[in-house]
There are 2 protein chains.
Amino acid sequence: MAAGSPGVQSGESLLFLTDEQLRKGIEAMFFAYRAFTADPDRILENYEYGRAHHRAIHFINRQPGLTVNTLLTLLGVTKQSLNRVLRTLVEDGLVEARVGREDKRERNLFLTERGAALERELSDAQRARMRAAYRAAGPAAVAGFRQVLEAMMDPEIHRHYQSIRDGAA
Amino acid sequence: MAAGSPGVQSGESLLFLTDEQLRKGIEAMFFAYRAFTADPDRILENYEYGRAHHRAIHFINRQPGLTVNTLLTLLGVTKQSLNRVLRTLVEDGLVEARVGREDKRERNLFLTERGAALERELSDAQRARMRAAYRAAGPAAVAGFRQVLEAMMDPEIHRHYQSIRDGAA
DNA sequence: TTGGAAAGTCAACATGGCTGACATAAAATC
DNA sequence: GATTTTATGTCAGCCATGTTGACTTTCCAA
């Protein structure tokens, strides 16, 4: 592993690929992600929920009616983990799981009014921080931010991401 | 909460601040961070360690001789949580905790050769993904990526980040 | 009608957060 | 010199959330 050696430079500078630059990116990801989750986490403490509930609520709001299996793929956890979370959300009346119309084995997930209210509270907080960061960095930086993040995702997830990226339902 | 209304546009377009754009950034952060941690996590499974050990090793490698308290601040966890991790790393001979020279209450943390070897294995894997993403996105995008992440951090952590950003020791 | 997929459930376990309480050593302060 | 504060370590226990494995129910489709 040729540490820090960007190799012979072609036309464009490759200095942005040094180990030093990569390390800065890695640390920035760590610190930024912690801030990114901090606001919703604080809100969730007031309820009896955790980050896992937030994620489920987010994607159900995003694609109302999505199946458990789809949600499983998006979240990248086991059905047992997800089930524990979904059960409490359904019991508490934040999520409704309707039997599928075409395939009755499937469950289509929807937020109730209460679920939507919590989703709003959580995403308002998360968006506020993101908005401040976007504003501070400017539109060109935001474009680069998204480009790098997309290039970092696992290809299969990136396909999912793209397919839901531009349309709500 | 004026959902999606960027308000009256001044000279520069504010379309990048719409809720839709923010939502894409939020989801991109989630998916990218998962990929970001996936490679080290896979390696750590072979040892008996977890993500917490990785983080400790990373920062000890970054600032050899740093104190437990400093590490605590960087990681943002309780001393009990960190202690559990540090104890196993010291017992297993990956980390050395030397009594402070000036203040003997302090412990200065260093990686042993074995610790440094694991650090290299982990960061090589993490850098490989980051490098591929950087290369795919290009230098301008990388600059924007870092800008947005820095703007997203909590101010206090951002100060820490900046102070160690450009120098190794 | 039967095989297999989708979903739900139970049990058990690991990791890594947390709090609270307490111990020790050393520095700092009175 | 005595006291307080600070840095660290440690024990015990709790919680959230991830895991695997085994099993059941439902129901589509061959």
So, Ser81(B) side chain and Thr78(B) main chain: donor-acceptor pair closer than 3.5 Å or not?
no

Is it the case that the side chain of Gln126(B) and the backbone of Phe36(B) share a donor-acceptor pair, with hydrogens and angles ignored and the cut-off at 3.5 Å?
yes

Taking only the side-chain heavy atoms of [X] (C-beta and beyond), determine which of [options] contains the nearest atom.
X         : options                  : result
Thr78(B)  : dT19(D), dT8(D), dT19(C) : dT19(C)
Asn83(B)  : dT8(D), dT10(D), dT9(C)  : dT10(D)
Arg105(B) : dT8(D), dC18(C), dT6(D)  : dT6(D)
Thr67(B)  : dT8(D), dC11(D), dA7(C)  : dT8(D)
Arg55(A)  : dT10(D), dG8(C), dG18(D) : dG18(D)
Ala52(B)  : dG8(C), dG16(C), dT10(D) : dG16(C)
Val68(A)  : dA7(C), dC11(D), dT17(D) : dA7(C)

Expressed as a whole number of angstroms, how long is the span from [X]:[atom1] to [N]:[atom2]?
X         : N       : atom1 : atom2 : value
Glu48(B)  : dT15(C) : CD    : C1'   : 12 Å
Asp103(B) : dT6(D)  : CG    : P     : 12 Å
Leu75(A)  : dT17(D) : CG    : C1'   : 12 Å
Asp41(B)  : dG18(D) : CG    : P     : 12 Å
Arg98(B)  : dA25(C) : CZ    : P     : 22 Å
Leu66(B)  : dA7(D)  : CG    : C1'   : 14 Å
Arg87(A)  : dT9(C)  : CZ    : C1'   : 7 Å
Arg84(A)  : dT19(D) : CZ    : P     : 10 Å

Establish whether the base of dT26(D) is bridged to the side chain of Lys104(A) by a donor-acceptor pair shorter than 3.5 Å.
no

Heavy-atom donor-acceptor pair, Gln80(B) side-chain to dG13(D) base, under 3.5 Å:
no

Under the 6.0 Å and 45° cation-pi test, does Arg55(B) pair with Phe30(A)?
no

Is the charged tip of Arg98(B) near the ring of Phe110(B): under 6.0 Å from the six-membered ring centre and within 45° of its axis?
yes

Any [X] side-chain N or O less than 4.0 Å from OP1/OP2 of [N]:
X        : N       : value
Asn69(B) : dT6(D)  : no
His53(A) : dT17(D) : yes
Ser81(A) : dT17(D) : no

For Arg51(A), which contact category applies under a 4.0 Å heavy-atom criterion: base, sugar-phosphate, or nothing?
sugar-phosphate

Would you indicate what Glu45(A) reaches in the nucleic acid, counting non-hydrogen atoms under 4.0 angstrom: base, sugar-phosphate, or nothing?
nothing

Spacing of Ile157(A) atom CD1 and Phe31(B) atom CZ [to the nearest 0.5 Å]
5.5 Å

Considering heavy-atom distances to DNA chain C, does Leu82(B) or Lys79(A) have its closest nucleotide positioned more toward the 5' end?
Lys79(A)

For Leu72(B) and for Val77(A), find the nucleotide of DNA chain D with the closest heavy atom, then tell me which residue's nucleotide is more 5'.
Leu72(B)

What do you reckon, is CD of Glu91(A) surrounded by more than 12 foreign heavy atoms closer than 6.0 Å?
yes

